[in-house]
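Each chain gets a letter, A, B and so on, in the order its sequence line appears, and its residues count up from 1.
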Amino acid sequence: MLDLIVSESVLTQFEEELETICVDEDDSACHCEVFACSCSNACGTDYSRGNCSCSSSCGSDYARNGSCSCSSSCGSDYSRE
Amino acid sequence: MDKHFIGKKRVVNLIITHQCNLNCVYCYEKFKSEQRMDFETAQKIILKEYALAKNSEWFDSLQIDFFGGEPLIAFDLIRQVTEWVLAQKWEMPCHFFVITNGTLLNPEMKTWFAQYRDAVTLGLSFDGLPEMQNLNRSQSNGLIDLDFFLENYPNQQLKMTVSRETLPHLAEGVLFLQRKGFIVEPSCGTGIDWTPEDCLEYEHQLYLLVQEYLSHPELKPILPLMISFENIQLPPFERPPCGAGNSFETYDVDAVRYPCHMFTPLVQIKSVSEKYANLDEGISCKPDSNCEKCLLINMCDSCRGYSLSQYGCYNRRDTKICDMFQVQCRVAAWFQIHRFLKKSEKIEKCSPAEMRNWRGLIYYQRNLDRVGYGKK
């Protein structure tokens, strides 16, 4: 198994950098380039499209064209307008 | 209203044929037959669903999925239904989606799909390198025109399912398709007996991809590595586990309605599928009690329909894939933190969700001992 535990010093550095970022409370857009709206797939078919994806066949409201309304289905609900 | 509606799109999944021309190694549709849906049945379902969506405050659009089996076996029905719906000029937008193995796409179909590509999205399942596709999907690599999909649906993600046989080539397969220009979303096949050795291999393969993405920032990472940790600090919540039976319904060839295709007689034995036929309420959100103490409870996916066929209970976590999901989260967290720290441009502003994700990564790293099925 690979050592994928992030050391405390790296975590502290990460935390410090986060402190310098301004959170825009009005920004409810999904920034797919930073982290994707993903509903990771549990079951068969992947209906993902666009930047945001709900891969999942079981009942996704999957986004397309980057409109980011992946209210999934199996997995996280990332819906945001 | 008891249902847990999520999203604003009403998704209607029509199983238009039980037939398939391939026999994929991980296929969960065990009870295929020669049954097909007819046009009148499809019309009735769509009219009913359109009226429901239009008169509901919950929905602002309708999506009709053509599903199988292999739906292109019933291409004439796809064409007939699509052209009929578009001719209605309904107020509420309708979009069509077809998930296909791509092997039956002939020149006539290509011409039609290209003509209707704004209304109909064709999604392809393809499993990586040509050898991986051949291994998983009935030696079908030579039958698929990848360029057609790339040209007509450049934003449509390509579904890549990973089997035990193709797992050792996962990274290579992903990069092969990404370099061709595809958006690739790999996922581990459901119902496969993933072993501890497979978990190690999966970790290795994801790590190979991580190294590639860190040294080539122009490559877009696959979504399993970008999974969001934003909800990890929330208390376990009874969220809608999936759209099954909520914002999503599946109609079998005979118009019987199910929460999703995984509950139909294509997947479940008849006595089980009958219990879920034409339910008026969505399925319960209650999670597996063995997951209540797991840190990943708000992130993990479990296919309800698969659990039903495997364990006779749809709330039961699919433990076969649980370890693989833990591996995914471990690699994803490591990757996202290092990718953030490696960014050449300083991030000055973010959305609340982004910040929750980043804080979630830290929380996850500091509480790794709280991950796992059956945690006390």
Side-chain angles (χ1 to χ4, degrees), chain A residues 1-2 4-6 8 10-11 13-15 17-18 20-25 27-51 53-66 69-80, chain B residues 6-9 11 28 97 99 121 123 155-157 159 185 187 190 200 203 207 223-224 226-228 231 239-244 246-248 260-262 298-299 301-306 318 330-331 334 336-337 340-341 347-355 357-359 362 365-366 368:
Chain A
M1 191 183 286
L2 297 165
L4 296 171
I5 297 173
V6 180
E8 193 52 40
V10 173
L11 285 181
Q13 183 197 346
F14 184 44
E15 263 179 328
E17 295 214 17
L18 292 186
T20 68
I21 298 175
C22 171
V23 179
D24 182 354
E25 295 294 338
D27 184 358
S28 56
C30 173
H31 296 262
C32 302
E33 288 303 317
V34 181
F35 66 92
C37 297
S38 84
C39 301
S40 354
N41 185 16
C43 48
T45 313
D46 180 342
Y47 286 96
S48 319
R49 58 173 96 96
N51 287 325
S53 97
C54 299
S55 27
S56 159
S57 50
C58 39
S60 9
D61 170 1
Y62 25 84
R64 65 171 184 276
N65 301 328
S69 69
C70 320
S71 39
S72 160
S73 132
C74 34
S76 317
D77 181 346
Y78 288 93
S79 315
R80 345 184 224 283
Chain B
I6 48 179
K8 290 187 172 179
K9 191 189 299 173
V11 182
Y28 49 79
F97 186 72
I99 183 75
T121 301
N155 294 322
Q156 171 58 37
Q157 297 176 8
K159 175 176 168 47
E185 288 319 318
S187 59
T190 300
L200 288 176
E203 186 182 70
Y207 191 69
L223 289 181
M226 299 302 282
I227 186 168
S228 175
N231 291 332
R239 67 199 158 92
C242 65
N246 296 309
S247 57
F248 183 91
C260 85
H261 65 280
M262 295 296 288
N298 291 334
M299 293 170 62
D301 305 332
S302 191
C303 176
R304 305 279 152 159
Y306 174 73
D318 172 12
R330 202 157 57 234
V331 184
W334 188 94
Q336 289 186 40
I337 291 171
F340 178 98
L341 293 172
I347 299 172
E348 293 181 349
K349 212 166 92 171
C350 72
S351 70
E354 286 170 289
M355 185 56 78
N357 177 52
W358 290 325
R359 297 219 177 276
I362 296 170
Q365 280 289 332
R366 289 183 173 148
L368 282 170

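Leu11(A) places a side-chain heavy atom less than 4.5 Å from the side chain of Ile337(B). Using a 4.5 Å heavy-atom cutoff, the side chains of Trp334(B) and Leu2(A) are not in contact. Within the 4.5 Å cutoff, the side chain of Cys350(B) has heavy atoms near those of the Val23(A) side chain.
Distance CD/Gln365(B) to CD/Glu8(A): 9.5 Å, rounded to 0.5 Å. How far CG of Leu18(A) is from CZ of Phe340(B): 5.0 Å, rounded to the nearest 0.5 Å.
Glu203(B) pairs by the side-chain hydrogen bond (donor to acceptor under 3.5 Å, both in side chains) definition with Arg330(B), not counting sequence neighbours. Contacts of Glu348(B) classified as salt bridge (Lys or Arg N to Asp or Glu O under 4.0 Å), with partners at least two apart in sequence or in another chain: none.
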